[in-house]
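These notes are about the structure you will find just below.
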There are 2 protein chains.
Amino acid sequence: MSFQGEQHPGVEAPTAESQGFRLNHTMLRVKDPEKALAFYSRVFGMSVVRRLDFEEMQFSLYFLARLEQGDDVPEDAGQRTVWTFSQKGLLELTHNWGTENQTDFAYHDGNAEPQGFGHICFSVPDLDAAEAWFDANDVEFVKRADQGKMKDVVFVKDADGYWIEVVQADRLAAMGD
Amino acid sequence: MSFQGEQHPGVEAPTAESQGFRLNHTMLRVKDPEKALAFYSRVFGMSVVRRLDFEEMQFSLYFLARLEQGDDVPEDAGQRTVWTFSQKGLLELTHNWGTENQTDFAYHDGNAEPQGFGHICFSVPDLDAAEAWFDANDVEFVKRADQGKMKDVVFVKDADGYWIEVVQADRLAAMGD
């Protein structure tokens, strides 16, 4: 590993204390897990590697991964929990029981005010094919690849209205130039 | 790969159209990149693999990775952009220029109302050592491992107040039982 990271104000070199730290997951609250799971499994091909239920606190957690060749996920539930918390780049969906039955209930997407969280992003092998696939599934677009100032960057909405950026890496080589 | 994902209402099996999709990054807006970069590089050992500046739109993007042995990051900037958008589990920090000079400016963490985004999570090899390391760096805790109903789960705040969960995978085998 020759490249050690860009230098910018504030940046320090990693030390031994943070060795082995991995960015495991991002958590989003969802109103209706059936709709959220249908969206992420069908459109983005994600699998539920572990659901954890917390009856006393009345919520469930769904850990989703886009499984790849070579991923060796344990069948045993306890081992699978450990596997889940050892991975990189999972999506955790939190369902507070009952929200799916509240007509006016909706979560905040972070892009309307007050702003904060922006989006998650999927890298795909073929952006044009992905756009066609989203259309075939009636996915709502925020912007298409040929719209706006950010060319070759797609934004769609998930079942709760959270934004998902979709990019094809080799079409972004000149980004920011 | 024998395990193919848990079955829950809504879940469909992945199809060919989503093959090769990867969860590339999560984007959070930050008020002051110098403070955010100091936090994520020093405390969590993350490196800036690519900064992209958009002068016309007055913002910069910082892509952060927790580099691991074997990560082969290209030196060339364009190639490094393509590498960045091909990875799994990166953190993107967006800086809208000038927010760092606005005294009362703050982003919304998603946990206060209106709720939505919850947190990002790091998996660490030793949770006790991580807690001591956070204390040594005056990191603000939301909860420690021995507090609350979720034992062995730590929550801290980043420089903008976003929540970061910190777990040690092999201490969570019985979670949700």
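Here is the naming used below: chain letters follow the sequence lines, and residue numbers restart at 1 for every chain.
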Check: Do A:Glu113 and B:His108 have side-chain N/O donor and acceptor atoms under 3.5 Å apart?
Finding: no

Next item on the list: Give the member of B:Gln7, B:Met150, B:Gln79, B:Lys31 that has the highest number of heavy-atom pairs under 4.5 Å with chain A.
Entry: B:Met150

Margin query: Are the side chains of B:Phe54 and A:Lys149 in contact, using a 4.5 Å heavy-atom criterion?
Written below: no

Next item on the list: Would you check if there is a donor-acceptor pair between the side chains of B:His25 and A:Glu165 at a distance under 3.5 Å?
Entry: yes

Check: Any side-chain heavy atom of B:Ser18 sitting closer than 4.5 Å to one from A:Arg66?
Finding: yes

Check: What part of B:Asn111 is in contact with chain A, defined as an atom under 4.5 angstrom from a non-hydrogen atom: side chain, backbone, both or neither?
Finding: both

Note to self: Report which part of A:Phe44 has an atom under 4.5 Å of a heavy atom belonging to chain B: side chain, backbone, both, or neither.
What the structure shows: both

Check: Non-hydrogen atoms of chain B under 4.5 Å away: do they reach the side chain of A:Asp109, the backbone, both or neither?
Finding: neither

Check: Is it true that A:Glu6 and B:Arg51 make a salt bridge, defined as a side-chain N closer than 4.0 Å to a carboxylate O?
Finding: no

Margin query: If you count heavy-atom pairs within less than 4.5 Å of chain A, which of B:Ala173, B:Gly5, B:Ala169 leads?
Written below: B:Ala169

Margin query: Does any backbone or side-chain atom of A:Thr81 lie under 4.5 Å from a heavy atom of chain B? Answer side chain, backbone, both or neither.
Written below: side chain

Checklist line | Which of B:Ala36, B:Ala65, B:Ser86, B:Ala129 touches chain A most, by non-hydrogen pairs under 4.5 Å | finding: B:Ser86

Margin query: Using heavy-atom distances under 4.5 Å, tell me whether A:Arg80 contacts chain B through its side chain, its backbone, both, or neither.
Written below: side chain

Next item on the list: May I ask you to name which of B:Gln87, B:Glu56, B:Glu55, B:Met46 has the most heavy-atom pairs under 4.5 Å with chain A?
Entry: B:Glu56

Next item on the list: Go through the steps for A:His8 and B:Glu34 under the test side chain to side chain donor-acceptor pair (under 3.5 Å), then give the verdict.
Entry: CA-CA 8 Å; A:His8 298 293; B:Glu34 186 167 345; over 6 Å; no

Notebook entry, point to check: Do you know which of A:Leu52, A:Val48, A:Val49 has the most heavy-atom pairs with chain B at a distance under 4.5 angstrom?
Noted result: A:Val48

